[in-house]
Amino acid sequence: MRYLVNTLFITIFLFASCTKVQKDNIIITKEFQDEEWSRFEFLEGQIEVKKVPAKFDVIIEVVVSDQYPSTYEMHQKDGSFLFNLTVSNSDGIYRSRDYRYKLKNNEGYWNSEKKNGYYTFLLPVINEMSIEEKDIYKFTIENKYSKDPLQGIKSISLKYINSK
């Protein structure tokens with residue numbers, strides 16, 4: 001079972017890593033001051049969909065340091081990245097879901113290479129999101145980590161890729 005989970009994570013990571021994202025496909029991007037994300041600091045962005053039907057994948061890029069997720073030693077082995085993503089249009093909530101990704105394996109080692117002092121993860125969030133109406137869609141990311149603040153997080157970027 002552990003082998004299957006690790007293989008699935010590596011496959012998803014490689015797919016996301018090989019996918020090219022243009023700068024204008026960024027929905028939300030945030031560099032964190034002092035590498036801390038407060039529990040109730042919501043990250044918001046939006047995209048305007050002018051051409052429908054539209055279909056795209058949404059990914060999140062997370063960059064963390066060795067301090068992630070906290071300076072508390074007992075939290076270091078966990079390495080989970082917890083957040084909620086809500087997508088809404090002008091009529092109300094379109095979609096809201098909690099996500100949990102393990103950035104470390106069961107032995108407490110990172111599932112990414114360290115480069116320039118940081119670990120970068122490209123994680124799939126929504127595959128083939130279909131939009132049928134022209135509108136402005138608002139995206140909100142909420143930190144769901146229970147300790148405040150979440151430490152060791154350098155940046156987050158939410159991006160979309162047109163599906164084929």
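Numbers for residues simply follow the sequence, beginning at 1. Just so it is clear, the values below take in all heavy atoms, side chains as well, and ignore hydrogens, waters and symmetry mates.
- Under the rule for a side chain to side chain donor-acceptor pair (under 3.5 Å), the partners of D98 that lie at least two apart in sequence or sit in another chain are N84.
- With sequence neighbours excluded, no residue satisfies side chain to side chain donor-acceptor pair (under 3.5 Å) with Y137.
- Hydrophobic cluster membership of Y118, counting Ile, Leu, Val, Met, Phe, Trp and Tyr whose side-chain heavy atoms lie under 4.5 Å apart directly or via other members: V63.
- With sequence neighbours excluded, no residue forms a side-chain contact (heavy atoms from CB on, under 4.5 Å) with Q33.
- Residues satisfying the ring-ring contact (aromatic ring centres under 6.0 Å, His included) criterion with F32, sequence neighbours excluded, are W37.
- Checking side-chain atoms of D34 against main-chain N and O of E36 turns up no donor-acceptor pair under 3.5 Å.
- Partners of Y99 by side chain to side chain donor-acceptor pair (under 3.5 Å), not counting sequence neighbours, listed by chain and number: R95.
- Evaluation of the ring-ring contact (aromatic ring centres under 6.0 Å, His included) rule for Y119 yields W110 as partners, not counting sequence neighbours.
- A search for salt bridge (Lys or Arg N to Asp or Glu O under 4.0 Å) contacts involving K114 returns D66, not counting sequence neighbours.
- Judged as a side chain to side chain donor-acceptor pair (under 3.5 Å), and not counting sequence neighbours, the contacts of S157 are T29.
- For the salt bridge (Lys or Arg N to Asp or Glu O under 4.0 Å) test, no residue two or more places apart in sequence or in another chain qualifies with E35.
- Pairs engaging residues 37-49 under the salt bridge (charged side-chain N to carboxylate O under 4.0 Å, His left out) rule: K30-E41, R39-E142, E44-K138 [sequence neighbours left out].
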